[in-house]
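Values below: all heavy atoms of this structure, side chains included; hydrogens, waters and symmetry mates excluded. We're numbering straight along the sequence, starting at 1.
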Amino acid sequence: MAPTTALRPADLSDAPDPREPMALLFRDLRTSPAGLPEREAVRRQAVYGPNTLARRGGRRWPRELAQQFTHPLALLLAVAAVLAAVSGAPALAVAIVAVILLNAALAFAQEQQAERAVEALAAFLPERATVVRDGVQRDVAVQALVPGDVLVVEEGERISADARLLTGGVEVDLSALTGESVPVFRSADLVDVEGSLLDARDLLFSGTACTGGDARAVVTATGMHTELGRIAALSQRTRREESPLEHQVKRAARLIAVVAVGVGLAFLPIGLAAGLSLAAAVSFAIGLLVANVPEGLLPTITLALASGVRDLARRGAVVKRLSAVETLGSTTVVCTDKTGTLTENRMLVTTVWTPGGETAVDAPPNVPPQVRLVAEVAAACTTAHPDAGHGDPTELALLALADRLGVPCPPERRDLDRRAVFRFDPRIKLMTTADTGDGAVVLHTKGAPEEVLTRATRLLDHGVERALTPDDRTEVVHAVGVLAARGLRVLAVARRRLPSGEPPPAGREEAERDLCLTGLVGMADPARPEVADAIALAHRAGITVHVVTGDNGLTAAAIAEQVGIGHRGSRIVTGTELAAMSEPELDTLLARGEEVIFARTSPEAKLRIADALRAEGHTVAMTGDGVNDAPALRRADIGVAMGRSGTDVARESATMVLTDDNFATIVAAVEAGRRTYDNIRKFIVYIFTHAVPEVVPFLVFALAGGAVPLPLTVMQILAVDLGTDTLPALALGRERAEPGLMDRPPRPRGERVIQPAMLARAWGFLGLISACLVMSGFLLTLTLGGWHPGAPTGPGTALHLTYEQATTVTWLGIVACQIGTAFAARTDRASLRSIGVLSNRRLLGGIGFSLAFAAAIVYLPPLHHVFGTAALTPAQLAVVVPFPFVVWGADELRRALVRHRAAGHAAPAAVAPASVRPAPEASGHHPLAVLLARHGWSAHRLTHALGISERAADEIVAHARRVAAEHGRRTP
């Protein structure tokens, strides 16, 4: 039997480079074009393991579930349950235990999302694959693929492993890995030995799809050693950290525990010193503990967050973790994609440029003949089938243009005339077709203007072909810049007619030379109309918006300017420049205060940007839609996936999914998160406030040495916590937003949910006023009944009924003060009138229930014995009636004073928004030329493609280097 270690997946750190010469690759993989022998494939299966995406670790759920019960607030609730049981309230104890179990189950379910992300990645692998073994094609399970297998790839199949092409060519959809929606061409004849693996034109990758052609390839990596496996490993390593609210609730629980236990223990010696028996002192200490433990805090927070989740779902944002609602409210930076998030993700040709000038295509009858020719050439260079719903949005837009201009190109006729096709190659950004026309073969090319210019030698000018001069090249570059600056995607269209009888070229290089440029096509992906207002609202809220896109920087900058991104200045950073930056330089760039457009970004770049922002203390929301975005979505505080265009992996890795793919929904979610967090603070103030009038009566009794009878009983405290406390607190969790919610900056990441100002308001203001009112009502009722200090009030004495009425006044006074506190807590600074005194119907219902519950305790004789209460006279009720208005009115005056003081220190008027400034590119050189140099174009290549002088090209390259260096410098 083979040793155990042989069954473990092999360490492929020394695996062969898939780009090495084919002979060496066959040698290193110990295989051949005839494939592996079946016995060798079985042996390698034992060595390398199955071709699957492995989960990290084993069965962890028992430990993870157990951890939910060690949460500080869960422990505190457990103590409260024990105390409630000891105090003779088993129903309360059972309810608290149920809350502990429910919250543990919810938290445990949320922790399983990491596993589901890896399972979604596994869904990108097919179930069966065709391989060549022993020289014969056979169908095998995908899990059985091993390095060295020869894989047969056909149209419509999903690729099962990383592989190097041996023969043939295929069109591949790489969007799952790169985010690029345009299929790319991969061929065994196109050998690339430098650059990124994903850009190599002779390599295929696991999880991608073959959309056309057929080929054979040798498998170079399987399972977790593939590019897809690398992303899965990143997703598992980027563990979710606890949210700010989760962290702060733990701190609040510790504070509550210290206060509750401290007050209870402090009462023991005070009670004994006052002459109480040990049993009585212990009983009262338990009462104080119960009074200080907010049993409803955790469920109220949970329900407030749940209501926020429901509100967001109605707005088009599905939040998968309750605490994420609060995290959204503290967001300081949003990193957003462009296509589909800021824009509508629908391409429409709006203008065509020819040597005769720019022509809008919204009036077909007035279009010049050469514009129609441009549309005809562009439509011929497509493979889309609109009727079948297949095709790239760009090609569908070109076919629609041809229809609008009266030169339709039906796919059936187009495919019938086709002799050859050189599919779109993202490296050179070109596509060419060879079609039959007028008895000869005509080559049609479309692609990036700079690449077409590199290969063009002639220009179609008013129907006549002539030589393409340097001045012509400069004019074309200028036109491209003008169109791109308007946010249009620009394609150049060219053609070449071969001599009659000459066959189509066999290779791409031969086909794409000596081209005749016919014109430029400008396509719009319009910005969503609601995004500009959403960006303005985000800026008012102090949120920075960076664009992280795989698109061209100039187009992304134009869209950013249209929607208002860059109000404090903006700059474009290319993927090449970002990769060359050190961590301090990236930190400096992000700290400059500008909003950055990161163009042509990679998955690692998104992850790096998220890490850098979080290291600076920002709370980051990151959008994404592809498999490649999964690690960054998990690393960000809020990962936002696209519900319509996003992959399952992105949706599983994200915290929030946008059902409408709309940036405005992100801002709405931030607003909802702020409102939810404010509401949590409101009911914390409410809950903390009534602890003071519950504790003060015990302290008065103890400090008076028994001369003043106990104003409140333990059962009456439980009646407050059980019957009159929870529903108003829950209603405060659904309070509408306070005016000015989105006009204040985000709160700091480490800010505590319980602030000293909140405690001062709850304990030192509202609570103190409530305690004074209820103690005044208690002493007034006793005094009017003939009591004096030290007079006996126990059972059988003349003052016993008066004493019971006095304790009832105390208890009812606490309930009345709760009502006033509930109205006062609805706003932090604004007047209650600004949100509507009666606008919170849930609060009105909760108060109605509290009053009905209080009336039952006061006037139902069976409950008098249980709670130690007695029926009150109208005069005694009249003492309590003003309490809510006193508490509410006092806080209304306090808030008015706060607003007046804040108005005296008002911030200066906001500076008018600045437009997106092309600061780094403003050098006198054309921005397109500078951007190409920033993407790594040499001076010689710029000269040849754009028709500029060698000196100008050298200056542009030097300027591009200065731009890259400036990114990492601090502002003077």
Side-chain angles (χ1 to χ4, degrees), residues 346-424 430-449 452 456 458-466 476 479-480 483 488-498 500 504 511-512 515-525:
R346 60 177 181 88
M347 302 302 294
L348 177 68
V349 177
T350 61
T351 186
V352 172
W353 179 92
T354 63
E358 185 179 335
T359 303
V361 293
D362 52 357
N366 301 321
V367 169
Q370 186 166 338
V371 173
R372 285 190 170 85
L373 180 60
V374 170
E376 185 177 359
V377 172
C381 188
T382 61
T383 58
H385 288 77
D387 294 338
H390 297 155
D392 175 67
T394 298
E395 293 195 347
L396 294 176
L398 294 175
L399 290 172
L401 172 67
D403 287 341
R404 287 186 358 238
L405 298 187
V407 285
C409 183
E412 298 79 12
R413 189 190 72 192
R414 175 199 64 195
D415 295 344
L416 186 64
D417 294 338
R418 180 144 300 163
R419 301 288 301 278
V421 58
F422 302 96
R423 299 181 185 274
F424 180 78
L430 291 176
M431 174 180 174
T432 297
T433 62
D435 306 289
T436 302
D438 297 330
V441 173
V442 181
L443 301 172
H444 300 111
T445 300
K446 73 175 191 297
V452 174
R458 290 166 296 135
L459 175 69
L460 186 66
D461 188 357
H462 294 86
V464 178
E465 291 189 10
R466 61 175 177 81
V476 172
V480 171
L483 296 177
L488 300 179
R489 182 181 180 187
V490 185
L491 289 179
V493 179
R495 70 174 184 174
R496 176 161 66 99
R497 180 182 295 273
L498 301 181
S500 180
E512 293 170 346
L515 298 175
C516 176
L517 178 67
T518 60
L520 304 174
V521 175
M523 292 179 289
D525 181 8

Taking the side chain as every heavy atom from C-beta outward, state whether D525 and R489 have any pair of such atoms under 4.5 Å apart.
no
Test of understanding: with side-chain hydrogen bond (donor to acceptor under 3.5 Å, both in side chains), list the residues that count as partners of D435, not counting sequence neighbours.
R418, T433, H444
Using a 4.5 Å cut-off on heavy atoms from C-beta on, say whether the side chain of H385 contacts that of R414.
yes
Do you know the tightest heavy-atom contact between A360 and T351?
N-OG1, 4.3 Å
Distance-only check: which donor-acceptor pairs under 3.5 Å involve side-chain atoms of residues 367-374, not counting sequence neighbours?
| from | atom 1 | to | atom 2 | distance (Å) |
| --- | --- | --- | --- | --- |
| Q370 | OE1 | H462 | N | 2.9 |
| Q370 | OE1 | G463 | N | 3.4 |
| Q370 | NE2 | L460 | O | 2.6 |
| Q370 | NE2 | T518 | O | 3.2 |
| R372 | NE | L405 | O | 2.9 |
| R372 | NH1 | V367 | O | 2.7 |
| R372 | NH2 | P364 | O | 2.8 |

Side chain to side chain contact (heavy atoms under 4.5 Å, CB included) partner of V493, chosen from T445, V352, V377, L517:
V377
Listed by chain and number, what are the side-chain hydrogen bond (donor to acceptor under 3.5 Å, both in side chains) partners of E465, not counting sequence neighbours?
R458
Going by the rule side-chain hydrogen bond (donor to acceptor under 3.5 Å, both in side chains), which residues pair with D461 if we only count those two or more places apart in sequence or in a different chain?
R466
Judged by atom type as modelled, is there a donor-acceptor pair below 3.5 Å linking the side chain of R404 to the main-chain atoms of V349?
yes
Who are the side chain to side chain contact (heavy atoms under 4.5 Å, CB included) partners of A511, not counting sequence neighbours?
F422, T432, L443, P505
Quick one: does any side-chain atom of E376 pair with a main-chain N or O of V407 as donor and acceptor, under 3.5 Å?
no
Could you give all pairs that pass the salt bridge (charged side-chain N to carboxylate O under 4.0 Å, His left out) test and reach residues 349-358, with sequence neighbours left out?
E358-R486
Once side chain to side chain contact (heavy atoms under 4.5 Å, CB included) is applied, do any residues pair with A479, and if so which ones, sequence neighbours excluded?
W353, L520
Taking only residues two or more places apart in sequence, or in another chain, which ones meet T350 in a side-chain hydrogen bond (donor to acceptor under 3.5 Å, both in side chains)?
none
Give me the atom names and distance for the closest heavy-atom approach of C409 to D403.
N-OD1, 4.2 Å
T436 side chain reached by R419 side chain, heavy atoms, under 4.5 Å:
yes
